[in-house]
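Side chains are part of it too, since the values below use all heavy atoms of this structure and drop only hydrogens, waters and symmetry mates.
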Number of protein chains: 2
Amino acid sequence: MTINEDLTHELLAFFNGFSSWENSIVRTSELTVSEAHALEVLGEHNKINMKGLAHRLGVTTGTTTVTVDRLEKKNFAHRESTKEDRRVNLISLTDIGKKAFEEHHDYHLHLTEQMTSVLSDDEIDQFLKTLKKINAETF
Amino acid sequence: MTINEDLTHELLAFFNGFSSWENSIVRTSELTVSEAHALEVLGEHNKINMKGLAHRLGVTTGTTTVTVDRLEKKNFAHRESTKEDRRVNLISLTDIGKKAFEEHHDYHLHLTEQMTSVLSDDEIDQFLKTLKKINAETF
DNA sequence: CTAAAAATATTTGATATTCAAACTAAATAA
DNA sequence: TTATTTAGTTTGAATATCAAATATTTTTAG
């Protein structure tokens, strides 16, 4: 077992764990999985266009159209077309949407706390640094 | 911005990045996303029952039944009931399934290499240690 | 030892998710 | 101005998912 295989194994377990956790959270809420993912992205952007949102979610714009349709129907988000380029729709959260985001985001903050509770301060710092590097360089 | 919020942000970005990457890999293959996830689990177990597989995938057993049905139809996996407990089905990969797993797993190994290419040896060791801790304690 | 309860897996019915490809409308380039 | 590109939506089809109901088998309680 090389370190690369070992790390691959842990990354998969981490991803599956994270994914399972997210599924179980969503099941108890008024959100679907794709809605929750969209909220997570929208909560960190004031306004974002469909293409950008689709890219951040890793799905096609067609899929994103459906997701945003649903968020609009629930009054969580709204579209707004721009004057500069009338093809573009900027998506943002409504007040209700922001509240739903905060609520979901609190679960994430809590999960992070749970993770870091088994780590030393140095480990936490290093973990954050490493994730930042990987996110910037790989994804 | 506390370190907890910062880390939460990076974890989400990491998860989305990983997810997007997986989607794009799967799109170019003969596999669907859920099939690929199931293969990843099955590839690391000789035999696993439906409940265990469902748990590892973070979905219900009903969903897992459908996934395994499809894998069986494609000749990637097969069920085998046990004598000790006749309710239980043990799932394992066929030779074709093992090949599909290896192929998909190679992509993962390659992604891991890409991630570690921006890290020092010490960072890699520490990252692995931290992931192991989190996986063992949190998920 | 039987009847009740629990456990494993499947099926059913409904909704959600996703993609590729076709399409619309607007902006840009030739 | 016309052709091409770009942003987003729609369509049609396949997959993915859950909760609840069911079937079968095993375990537990009386």
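Mapping B:M50 and A:G62 onto DNA chain C via the closest heavy atom, the residue that lands nearer the 5' end is B:M50. Nearest-nucleotide mapping onto DNA chain D: of B:R86 and B:V66, the residue sitting toward the 5' end is B:V66. Residue A:T32 is the one, among A:T32 and A:K83, whose nearest nucleotide of DNA chain C lies closer to the 5' end (criterion: closest heavy atom).
Smallest separation of non-hydrogen atoms from A:N46 and A:S92: O-CB, 3.2 Å.
Ring planes of B:F15 and A:H37: tilted class, angle from 30 to 60°. Under the 30°/60° scheme for interplanar angles, the aromatic rings of B:H108 and B:H104 are found to stand perpendicular.
A:T130 has its side chain out of reach of B:F14: every pair of non-hydrogen atoms, C-beta onward, lies at least 4.5 Å apart.
Within the 4.0 angstrom heavy-atom criterion, base atoms lie near A:T61. If you check every strand for non-hydrogen atoms under 4.0 Å, A:T65 touches a base. Among the atoms of the strands shown, only primed sugar atoms or phosphate atoms (P, OP1, OP2) are found under 4.0 Å from some heavy atom of B:N49.
Rounding to whole angstrom units, CG of residue A:N89 and C1' of C:dT24 are separated by 13 Å. Spacing between atom CD of A:E35 and atom P of C:dT18 amounts to 11 Å, rounded to whole angstrom units. Atom-to-atom, NZ of A:K74 to P of C:dT15 comes out at 13 Å; the value is rounded to the nearest Å. If you take NZ of A:K51 and C1' of C:dA26, they are 15 Å apart, rounded to a whole angstrom. Note: CG (A:D69) to P (C:dT18) measures 14 Å, nearest angstrom. The separation between A:L57 atom CG and C:dA16 atom P is 18 Å, rounded to whole Å. Going from atom NZ of A:K73 over to atom C1' of C:dT17 covers 14 Å, rounded to whole Å. The interatomic distance linking B:E22 (CD) with C:dT18 (C1') rounds to 15 Å, in whole Å.
The phosphate of C:dT18 has neither OP1 nor OP2 within less than 4.0 Å of any side-chain N or O from A:T60.
Other residues sharing the hydrophobic cluster of A:V88, ordered by chain and number and joined by side-chain separations under 4.5 Å: A:L90.
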task = Apply salt bridge (Lys or Arg N to Asp or Glu O under 4.0 Å) to A:K133 and B:E123, showing your working.
result = CA-CA 11 Å; A:K133 263 194 204 176; B:E123 275 180 308; 3.0 Å; yes
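Not a single donor-acceptor pair, N or O on each side, falls under 3.5 Å between the base of C:dA27 and the side chain of A:R87.
Here CG of B:N4 is found 4.5 Å from OG1 of B:T8. Values are rounded to the nearest 0.5 Å.
Comparing C:dA16, C:dC19, C:dA26 by their nearest atom to the side chain of A:T63 picks out C:dC19.
On the nucleic acid side, DNA chain D contacts chain A at distances under 4.0 Å to non-hydrogen atoms, with the end points of that region at D:dT6 to D:dA19.
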